[in-house]
**Q** 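Here it is, the structure, as structure tokens.
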There are 2 protein chains.
Amino acid sequence: MEDAEPKGPQRRRTAGRANVTIRDVARHAGVSVATVSRALRGSDLVHPATRERVDAAIEELRFTPSQLGRSLAERRHAANGIVFPDLSGPFYAEVVLGYEEVAATLGRSVLILSTQNRESADEMVLDLAGRVDGLAVFGRTVHDDVVAEVVQRGVPVVLMARTEIAGADSVRTENVVAAASVVDHLLAHGHRRMAFLGDPVDSTDVAERWAGFRGALAQAGAEVPERTIPAGFKEDDGARVAAELTAGGLPDVVVCANDELALGLTVALAEQGVQVPGDVAVTGWDDVMAARYAGLTTVRQPMREMGARAARLLDARISGDHSEPRHDVLTTQLVVRRSCGPHPKEAPR
Amino acid sequence: MEDAEPKGPQRRRTAGRANVTIRDVARHAGVSVATVSRALRGSDLVHPATRERVDAAIEELRFTPSQLGRSLAERRHAANGIVFPDLSGPFYAEVVLGYEEVAATLGRSVLILSTQNRESADEMVLDLAGRVDGLAVFGRTVHDDVVAEVVQRGVPVVLMARTEIAGADSVRTENVVAAASVVDHLLAHGHRRMAFLGDPVDSTDVAERWAGFRGALAQAGAEVPERTIPAGFKEDDGARVAAELTAGGLPDVVVCANDELALGLTVALAEQGVQVPGDVAVTGWDDVMAARYAGLTTVRQPMREMGARAARLLDARISGDHSEPRHDVLTTQLVVRRSCGPHPKEAPR
DNA sequence: CGCTCCTTTGGTACCGGTTACATAAACCGG
DNA sequence: CCGGTTTATGTAACCGGTACCAAAGGAGCG
């Protein structure tokens, strides 16, 4: 009832349309803010008749509760973050999608951060960590100490495709066995001299693929290359090494760290008159959409599932699960297409 | 100084590690919260010596300001949202990336929401609107009245690839002229009987492409199909109509509403022994990565730029720009590859 | 030496919700 | 008709910052 002209300091501000708050609703409905709040949250401690009055007031004033006020009071953001290098490849998009899907189901919004080698990535991740209840971090985005700092602040973290860090869950896909199965398949084709394209230093995944690659070759008694052909993850990176490859004498196969590399390489080779798989076989990794159309032999990873798994792990932590960190490993699958050569059955060894 | 034991109700809460607040820092540094706040925000009204003490306290207590408290006081989220149907195609991923890139540069986080025909999409969008300072909404995600509601609440909205709504900016790509240029190119190939694959009801973009398609055919005096062959936007949708097409007598060309449709169709046709472009030509739209490897003639859209543009428009509105809504149209570009047949020069008309 | 003016700092009322605790009203068996 | 519950509501203290206003201390000046 009291319309006591508020006389405190700090009145207007954004001059814009006044926001209707829970107190306005309370006044309008002739009840206290506590009752409005209870009605809002569906507490059963509100008399039906009162609830009706409150609902009417809410309707009439077109009131929408402020997420900020609510979050501050509840001390939770109801939001998760995810950090990835970029979204230009199809790879991360799938992971993000799986993550978003599960997070949304659990009632959490998703904040994304693409680091795309911004120099300020570290600070941006720390900032993001302050806006969420949990954070998923992809490999090769930020330094370990940044992740450690986030963990230290008490924000649950799940790592994806990245070496483990104390106190954080992780989700990875299997690489060593998969790489070995690629090599075995290529050996069955009769291929012997194999090169590996990619930089193991850049990523845990690549390092493991490289290790599996070497291991399988060694086990088969085949020639094991000393080192990889260094390259990034983009089509351009693949194209760039084509000349070097042809000049240095072609191997039988080039096993690439991902599909984009493989595809870029294949096109660049073709421009130099080198045919795939005729003159050299090529394999990729990820099984992106373009790989299907380019007939690229590759390894399929359950990317969507990886994102979904990460979201669920985070949810558990946020909900108070204090058990030992989990480290999930998802299985991968060899996908044979024509880029590794005609099928052994059809071609004499 | 006064350590007055706080005796109010409501003490502990999440029992977890206590959060250090600005008041702790103030006490520790022997100054007031106002001074700490000023030091935090880099105000020049703080004596260097004082600032040093404050910084030391912050360091010592490992204090991190709460984004929530700050946002509530500043009445801004420092975050933008973006709503899209899904992220599985390469299309939206690019747009989101462009959006995120600009938003991050402007100091805003990005909240994503993928509606993927969830029945609760409307509420989710309204919820999202309460967590951001501005919202970008893609076509075919939520109903017009939901968007209107968001606008009405005072949250700036920019629409992407969607018909205009009062009070909201929009960014689209050019469709009519581009569709006409596709048709003209196909006519130059000697193709006459053309079909259009896609559902104009689903999307403004498709409707415009269909209109441009018909217009160009009519203008050339060629046969204008009565209706489109309805289809969604996925490879499956394209594959599904292959049988129907071959059964009904093949046209010279199938112009598809997007690349995924075109690619799915092409593969399904091949399985039925129908060759592209030998037996029928096919064109797509978007120029996704796979289109390059499949040799698909298509229309390239500046997807990244669309996202970036949307982020900038929003920033202007959030910063208080109250001018008339803007409606940007980005130009597109025909990309000719082999799926529309041998080049006219090489093939007699 | 007294008096402005300027630089720093402190006190405190917000931002918009939630909820512990107190209180009042309604219900109940004896 | 009364003490004891149970149910419904109000009061006010938080959540963790920001910024307005006032005031204290120093410098500069006549």
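Sequence lines set the chain letters: A, B, ... in the order given, protein chains first and strands last, and positions in each chain run from 1.
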**Q** Take atom CZ of Arg131(B) and atom C1' of dG17(C), then tell me their distance rounded to the nearest Å.
**A**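 Whole-Å distance recorded here is 14 Å.
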**Q** Is atom CZ of Arg53(B) surrounded by more than 12 heavy atoms (other residues, nucleotides or ligands) closer than 6.0 Å?
**A**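 Enclosed: over 12 neighbouring heavy atoms sit under 6.0 Å from CZ of Arg53(B).
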**Q** Tell me: CG of Leu40(B) to P of dG16(D), nearest whole Å?
**A**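 So the CG-P distance, Leu40(B) to dG16(D), works out to 15 Å.
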**Q** Between side-chain atoms of residues 34-46 of chain A and protein atoms elsewhere (two or more places apart, or another chain), which donor-acceptor pairs fall under 3.5 Å?
**A**
from     : atom 1 : to       : atom 2 : distance (Å)
Thr35(A) : OG1    : Ser32(A) : OG     : 3.3
Arg41(A) : NH2    : Glu74(A) : OE2    : 2.5
Ser43(A) : OG     : Leu45(A) : N      : 3.0

**Q** Side chain of Ala34(B) only, heavy atoms from C-beta on: which candidate in dT11(D), dG16(C), dC20(D) is closest?
**A**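 The listed nucleotide nearest to Ala34(B)'s side chain is dC20(D).
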**Q** Go through dT8(C), dC20(D), dC15(D) for me and flag the one nearest to the Arg38(B) side chain.
**A**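 Of the candidates, dC20(D) comes closest.
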**Q** Side chain of Ile22(B) only, heavy atoms from C-beta on: which candidate in dG10(C), dC15(D), dT18(D) is closest?
**A**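 So the side chain of Ile22(B) is nearest to dT18(D).
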**Q** Within the structure shown, what part of the strands sits under 4.0 Å from Thr35(B) by heavy-atom distance: base, sugar-phosphate, or nothing?
**A**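 Sugar-phosphate: the residue Thr35(B), judged by heavy atoms under 4.0 Å, touches backbone atoms but no base.
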**Q** Nearest to the side chain of Ser32(A) - dG16(D), dT9(D), dT19(C)?
**A**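 Selected nucleotide: dT9(D).
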**Q** Pairing donors with acceptors under 3.5 angstrom, does anything connect the side chains of Arg131(B) and Ser109(A)?
**A**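 Yes, because at least one side-chain N or O of Arg131(B) sits under 3.5 Å from a partner of the opposite role on Ser109(A).
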**Q** Rounded to whole angstrom units, what separation is found between the CZ atom of Arg53(A) and the P atom of dA8(D)?
**A**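 Nearest whole value for this atom pair: 14 Å.
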**Q** Are any of Arg75(B)'s side-chain N or O atoms less than 4.0 Å away from OP1 or OP2 of dC14(C)?
**A**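 Arg75(B) to dC14(C) OP1/OP2: no side-chain N or O under 4.0 Å.
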**Q** Tell me whether the count of non-hydrogen atoms from other residues, nucleotides or ligands lying under 6.0 Å of CZ in Arg326(A) goes above 12.
**A**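 Counting neighbours around CZ of Arg326(A), 12 or fewer heavy atoms of other residues, nucleotides or ligands fall under 6.0 Å, so no.
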**Q** I want to verify a distance call: between dT18(D), dT9(D), dT19(C), whose nearest atom is closest to the Arg41(A) side chain?
**A**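 Nearest to the side-chain atoms of Arg41(A), counting from C-beta on, is dT19(C).
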**Q** Nearest nucleotide by nearest heavy atom, which residue falls closer to the 5' end of DNA chain D, Val33(B) or Leu68(B)?
**A**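 Going by which nucleotide is closer to the 5' end, it is Leu68(B).
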**Q** Taking only residues two or more places apart in sequence or in another chain, which ones pass salt bridge (charged side-chain N to carboxylate O under 4.0 Å, His left out) with Asp144(B)?
**A**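 Arg162(B).
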**Q** If you only use heavy atoms from C-beta on, which nucleotide in dG16(D), dT18(C), dG16(C) is closest to the side chain of Ala73(B)?
**A**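 The nucleotide sitting nearest to the side chain is dG16(D).
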**Q** May I have the distance from Asp44(B) (atom CG) to dT9(C) (atom C1'), rounded to whole angstrom?
**A**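 These atoms are roughly 14 Å apart.
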**Q** Under 4.0 Å, heavy atoms only, any strand: does Gly30(A) hit a base, just the sugar-phosphate, or nothing?
**A**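 Sugar-phosphate only.
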**Q** Measure from the side-chain heavy atoms of Arg70(B) and tell me the nearest of dG10(D), dC15(C), dG17(D).
**A**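 Looking only at heavy atoms from C-beta outward on Arg70(B), the closest nucleotide is dG17(D).
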**Q** Base of dG17(C), side chain of Arg23(A) - is there a donor-acceptor contact under 3.5 Å?
**A**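 Donor-acceptor pair under 3.5 Å: yes.
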**Q** Does Arg76(B) make a side-chain N or O approach to OP1 or OP2 of dC15(C) shorter than 4.0 Å?
**A**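 So the side chain of Arg76(B) is outside the cut-off, no N or O lying under 4.0 Å from OP1 or OP2 of dC15(C).
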**Q** Identify whether any heavy atom of Ser43(B) sits under 4.0 Å from a base atom; if not, whether one sits that close to sugar-phosphate; answer base, sugar-phosphate or nothing.
**A**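 Touches nothing.
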**Q** Looking at His143(B), I'd like to know if its NE2 atom is crowded, meaning that more than 12 non-hydrogen atoms belonging to other residues, nucleotides or ligands lie closer than 6.0 Å.
**A**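 No.
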**Q** Could you tell me how far apart Asn19(A) (CG) and dC14(C) (C1') are, to the nearest whole angstrom?
**A**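 Rounded to the whole Å, the gap is 14 Å.
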**Q** What is the distance from CD of Glu74(A) to C1' of dC14(D), rounded to the nearest Å?
**A**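 Result: 14 Å.
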**Q** Rounding to an integer number of Å, can you tell me how far Arg51(A) CZ sits from dT9(D) C1'?
**A**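 That distance rounds to 13 Å.
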**Q** How close or far is atom P of dA22(D) from atom CG of Leu45(B), stated in whole angstroms?
**A**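 Atom CG in Leu45(B) sits about 17 Å away from atom P in dA22(D).
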**Q** Could you work out which one of dT9(D), dT19(C), dT8(C) sits closest to the side chain of His47(B)?
**A**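 Ranking dT9(D), dT19(C), dT8(C) by closest atom to the His47(B) side chain puts dT8(C) first.
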**Q** Which one, dG16(C), dT9(C), dA8(D), comes nearest to the side chain of Val46(B)?
**A**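 When the side chain of Val46(B) is considered, dT9(C) is the closest of dG16(C), dT9(C), dA8(D).
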**Q** Within the pair Thr50(A) and dA8(D), is there a side-chain N or O less than 4.0 Å away from OP1 or OP2?
**A**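 No.
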